[in-house]
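Quantities reported herein were computed from a predicted structural model and do not represent experimental measurements.
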Amino acid sequence: MSPFSTPFNLIFFLLIFFISSSHAVSPSSSTTSMEAEALLKWKATLHNTSQTLWGGSNHCNWIGVTCDGTGSVTNLSLPGYGLRLNGTLHSLNLLSFPNLIRLDLGNNSLYGTIPSHFGNLSKLTFLDLSLNSFSGNIPSEIFSLKSLELISLASNEISGPIPRDIASLSSVSNIYFAGNNLSGPIPSSIGRLHKLFRLDLHNNRLNGSIPKQVGMLRSLYLLDISANYLTGSIPASIGNLSNLVYLYFYGNYLSGSIPSEIGLLKSISALELSVNNLSGVIPISIGNLTSLERLFLSENSLSGHIPQTYCNFTYFQLSNNHLTGPLPENLCLGGVLTRLAVVNNSLTGPIPSTLRDCKSLIRVRLEGNHFTGNISDAFGIYPNLDHIGLSDNNFFGELSPKWGLCPNLTSLQISNNNISGKIPIELGHATRLQELDLSSNHLIGEIPKELGALKLMSRLLLSGNRLSGKIPSEIGLLSNLQKLELSSNNLSGPIPDQLGNCLKLFQLNLSMNNLGESIPSSLSDVIALQSLDLSQNSLIGGIPQQFGKLKSLEILNLSHNKLNGSIPEAFNDLHGLRIVNISFNRLEGPIPDLKAFHEASFDALRNNKGLCGNATGLRPCVLPSRDNHNQGRRTKVIILAMLPIFGSLLLLFIFAASFFACCKKTPTRKSEPREEQHGDIFTVLGFNGRILHDSIIEATEDFSSDYCIGSGGYGTVYKAALPTAQVVAVKKLHQSEDSLLLNNLKAFESEIVALLEIRHRNIVQMYGFCSHPRHSFLVYELVERGSLRMVLSNNEQAKELDWEKRLNVVKGMANALSYMHHDHSRPIVHRDISSNNVLLDSDYEARVSDFGTARVLKPDSSNWTSLAGTYGYIAPELAYTMRVDEKCDVYSFGVVTMEVFMGKHPADLISYVSSSTPGPNDQQILLKDVIDHHLPPPRSRTAQDVVSAAKVGFACLNGNPELRPTMQQVAQALSRQSLPLRSPFWGIKVGELLGHVVCNGLGHLCR
């Protein structure tokens, strides 16, 4: 009988079916409701999240959410969403997502630890938490995810070891743990991950040796363990990785020889072993890797010959080793070689003939070897060549006119060889040329006037040759010229007036020639000049009075000429002058009242006609005797003698009137008595300004140069030891600033009040001020080590300022500027950030000085470009606009940042980058080549931090102020250590920010 034979049975069956169906649907409905609720609850805990992120009745339609057919979430992908997710994961109930397959929260601002309940996502195959700020250890529960195929925790702040349980991820093919603080060894159990395709552990703190079990990962395509602290040798088992294409061991402490088994890696395309302690010879087997395109073995202790090669290299970099013998003949076998660098080895022989026709070359660096041969026909015409360095070798012959036919050539360096003949006029056709260095050769003839067509030229170095004739006036057409060195030649005639048109010139050396006539006053228009050397010529006449305009001048050498007359009084304004030599001339009269002259050696002032003053070997300057003058002259002297008496009476009345105004901290503070605490200077300023004033005058012997410790755009700084046992820095304002102050004293006092309130560990504390008809000064705390520039220019101190300290200096500057721009009650722009205005205390902590000085001294000035912003640090937009804002400080910060890392002002680098248009593959300058060589190269984590900070510095140098980050963003980026490269605040891509400066000299981390 059928079960539906009666109506009752049919109704009963339908009822049972309905109930069963209801129970079957109910769990799914409950799950989807829990998922939507969990997402909304998590959203409520996030900061600065758009309210439109999730809303509506169906969560499967929400941004970043994908569901399966039952409405259960399978994919949650919010990488770098909108305003960036900012919060933790602890409020996201992962237990509510039993069917989740893919979770992508990369490139956000998430922080805190990674929750352990990730282990409940049993179906998860894809987990990306990279580019966040997660900390703590990797939770062991993650390694129970048997279905996981990709896990990325890169670029966070995760610490602790890599657990041995990682071997439990039996399905994983991609592991990205780079850019964290992971420590301890690489677990040998990793060899059990037979499906592993990519393993990236670079830029951590891993130590120990490379486990030989790595050789069991036969599916491996990429292995990157660079920038760690790994030691020991490279295991021979590496040769088992027949599918490996990319191998990166850069920046560790690996030792021993390169195993010959590397020659078994038939699929290898990139081999990066640079910056280790590897020794021995390069295995011959490497030359047989026909798939190898990029070979990086620089900065090791490798020796012996470079093996013959049959590879299609695009990159071949073996610099800074102990290699000998010739270059391989087949270096450009495939015609695709773009970058060749074997700097600082002991290589010999001629240039391989195959390189002459290697049209693909972009960058060639062969300097610092013993290469020989005739340079005349060793090189061809290269349509893509940007830079070639052949300096410090034994090349001979004449320069080929073909160099002028390389349309993209920006740098030609062939100094310190045995080159002879003339400079080819065809070089004038290489219109992109920015640097020409032919110094220390045997060149003859005249300097071609055709070089005046090279409008982008910034460095022209022809010293140490046998060049003759006049300096061509066409050199004055080089408006971008920054460095001109023509010393030690046979040049004659006058110094061209047209050099005054080279307004960016900061170093000019024409010494040891036969130049005659007078020094052209037009040189005073080159206000960027920092170093001027005209010594050992036959110059006549006087020193131009206009030289007082050269406020940036630090080094001046006019010795061994025939100059006469007195030193212009305007020299007293050259407060930045550090080194001076005027010996062997016919000069007379008093020397300027400057520290550079007072502390000059006898040899720097000797053999003149009649110099006098307070310096070694000079007689004091005295007034002429009255006995040798007529009665009219005596009368004049009497009148002059009486004037100070009347002047003193007048000053007495003025002083009495200004007694209560002198040396006050603020008008309101005087009525607020404070208790004295150990002679605190605030007490002195608050209660008795006269005592402070007199103490400072006495302590500095009325501002004697003996107590001068520096100078700036607004005044000279003296060290004063007060009776209270406190030592302070006193900035005596220049006369021009003093006059402005007295004319607007009220406005000045109101501004000073704001500055006295500043309290920040990276800003020099102002203690008070004194306004007086005779002189005015500001009183600051004394910062022990002096200016950053002084420290960097001193070899011993520069070595003491190691990479960690330099990174801390950059962070300190950023914190100070961020505070003043964004956290102070009234935002203040510094307007004169330079290495002279960054001081270092006893612990090498950065202290920014002179904050607000520009504004308080000239609060109503509309022409801010006339302020004492230091040339070389001023933002480029000030050339066409008078508007000064925070972004001008940002640019100056970028300059100082690069100065910290380079150990010198980065003028050449900035000019090189800003005057060129980078292409997609341009890597013209290696960061390792420009950082300060007083120090050993930074390693591992420190190297990455230097790279990150350099990227920040270059972002600040963007020519468009709108694309520069704010100082708040800079400070935050530096505090994170690992920079989020995709962070939107950069405005443009990191590669574009760097211009031609790349980081593969400090690691492939920037590739």
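With no hydrogens or angles considered, no side-chain donor-acceptor pair links S601 and D603 at under 3.5 Å. In the model, S704 has no side-chain atom that pairs as donor or acceptor with a side-chain atom of Y718 under 3.5 Å.
Smallest separation of non-hydrogen atoms from A721 and A699: O-CB, 3.5 Å. Nearest heavy-atom pair across V810 and F893 is O-CE1, 3.6 Å. Residues T700 and K719 share a closest heavy-atom pair of CG2-O, 3.9 Å. Between V809 and A846, the shortest heavy-atom distance links the atoms O-CB, 3.6 Å. Scanning both residues, M813 and V848, for their nearest heavy atoms gives CA-CG2, 4.3 Å. Shortest non-hydrogen contact noted between N837 and D832 is ND2-O, 2.8 Å.
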Exercise. After noting the C-alpha distance and the side-chain angles of S463 and S487, does the key distance pass the side chain to side chain donor-acceptor pair (under 3.5 Å) rule?
Worked result: CA-CA 5 Å; S463 297; S487 63; 2.9 Å; yes
Exercise. How far apart are the C-alpha atoms of Y707 and V730, what are their side-chain angles, what is the distance that settles it, and do they pass the side chain to side chain contact (heavy atoms under 4.5 Å, CB included) test?
Worked result: CA-CA 10 Å; Y707 298 88; V730 181; over 6 Å; no
Problem set entry | V580 vs I591, side chain to side chain contact (heavy atoms under 4.5 Å, CB included): CA-CA, chis, key distance, verdict | CA-CA 11 Å; V580 65; I591 60 172; over 6 Å; no
Exercise. Should N564 and I540 be marked as a side chain to side chain contact (heavy atoms under 4.5 Å, CB included) after you check the CA-CA gap, both sets of side-chain angles, and the distance that decides it?
Worked result: CA-CA 7 Å; N564 56 33; I540 61 174; 6.0 Å; no
Exercise. Run the side chain to side chain donor-acceptor pair (under 3.5 Å) check on N836 and S834 step by step: do they pass?
Worked result: CA-CA 5 Å; N836 266 335; S834 71; 5.0 Å; no
Problem set entry | Test side chain to side chain contact (heavy atoms under 4.5 Å, CB included) applied to S583 and F602, step by step | CA-CA 9 Å; S583 61; F602 173 67; over 6 Å; no
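Here CG of N794 is found 10.0 Å from CG of L792. Values are rounded to the nearest 0.5 Å. Here the straight-line distance linking atom CG of N585 with atom CG of N561 works out to 5.5 Å at 0.5 Å rounding. A distance of 6.0 Å separates CG of L484 from CG of L510, quoted to the nearest 0.5 Å. Rounding to the nearest 0.5 Å places CG of L935 at 4.5 Å from CZ of R806. Here the straight-line distance linking atom NE2 of H830 with atom OG of S892 works out to 9.5 Å at 0.5 Å rounding. With values rounded to the nearest 0.5 angstrom, H575 atom NE2 is found 5.0 Å from D573 atom CG.
Residues P592 and N572 are in side-chain contact: their nearest non-hydrogen atoms beyond the backbone lie under 4.5 Å apart. Residues F547 and L532 have side chains in contact (heavy-atom distance under 4.5 Å, counting atoms from C-beta outward). Residues D802 and Y844 are not in side-chain contact: their nearest non-hydrogen atoms beyond the backbone lie 4.5 Å or more apart. Within the 4.5 Å cutoff, the side chain of N557 has no heavy atoms near those of the Q536 side chain. Looking only at side-chain heavy atoms (C-beta outward), H905 and F506 stay at 4.5 Å or farther from each other. Looking at heavy atoms from C-beta onward, P906 lies in side-chain contact with V895 at the 4.5 angstrom threshold. Residues V717 and Y780 form no side-chain contact, since every pair of their non-hydrogen atoms from C-beta on lies 4.5 Å or further apart. Side-chain contact check for L515 versus L534: every heavy-atom pair is 4.5 Å or farther apart.
D889 places a side-chain N or O within donor-acceptor distance of the main-chain N or O of R831, the cut-off being under 3.5 Å. E588 contributes no side-chain N or O that, together with a main-chain N or O of K609, makes up a donor-acceptor pair within less than 3.5 Å. With D843 contributing its side chain and E845 its backbone, the two residues share no donor-acceptor pair below 3.5 Å. Between the side chain of D841 and the backbone N or O of R847 there is no donor-acceptor pair closer than 3.5 Å. Side chain of H560 to main chain of F584: no donor-acceptor pair is present (N/O by atom type, distance under 3.5 Å, no hydrogens or angles). In terms of modelled atom types and a separation under 3.5 Å, the side chain of N509 and the main chain of S511 share a donor-acceptor contact. The backbone N or O of G903 sits nowhere less than 3.5 Å from a side-chain atom of H934 that would complete a donor-acceptor pair. In this structure a side-chain-to-backbone donor-acceptor pair under 3.5 Å is missing from N614 to H598.
Within a 6.0 Å radius of CD in E698, no more than 12 heavy atoms belonging to other residues, nucleotides or ligands are found. In this structure, R586 places its CZ atom where only 12 or fewer heavy-atom neighbours from other residues, nucleotides or ligands lie under 6.0 Å away. Other residues, nucleotides and ligands contribute more than 12 heavy atoms inside 6.0 Å of the CD atom of E784. In the displayed structure, K805 atom NZ is contacted under 6.0 Å by more than 12 heavy atoms of other residues, nucleotides or ligands.
In this view, Q530 satisfies the side chain to side chain donor-acceptor pair (under 3.5 Å) rule with no residue, not counting sequence neighbours.
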Contacts under 3.5 angstrom, residues 518-527 side chains, donor-acceptor by atom type, not counting sequence neighbours:
residue	atom	partner	partner atom	Å
S522	OG	D497	O	2.8
S524	OG	S521	O	2.5
D525	OD1	K549	NZ	3.2

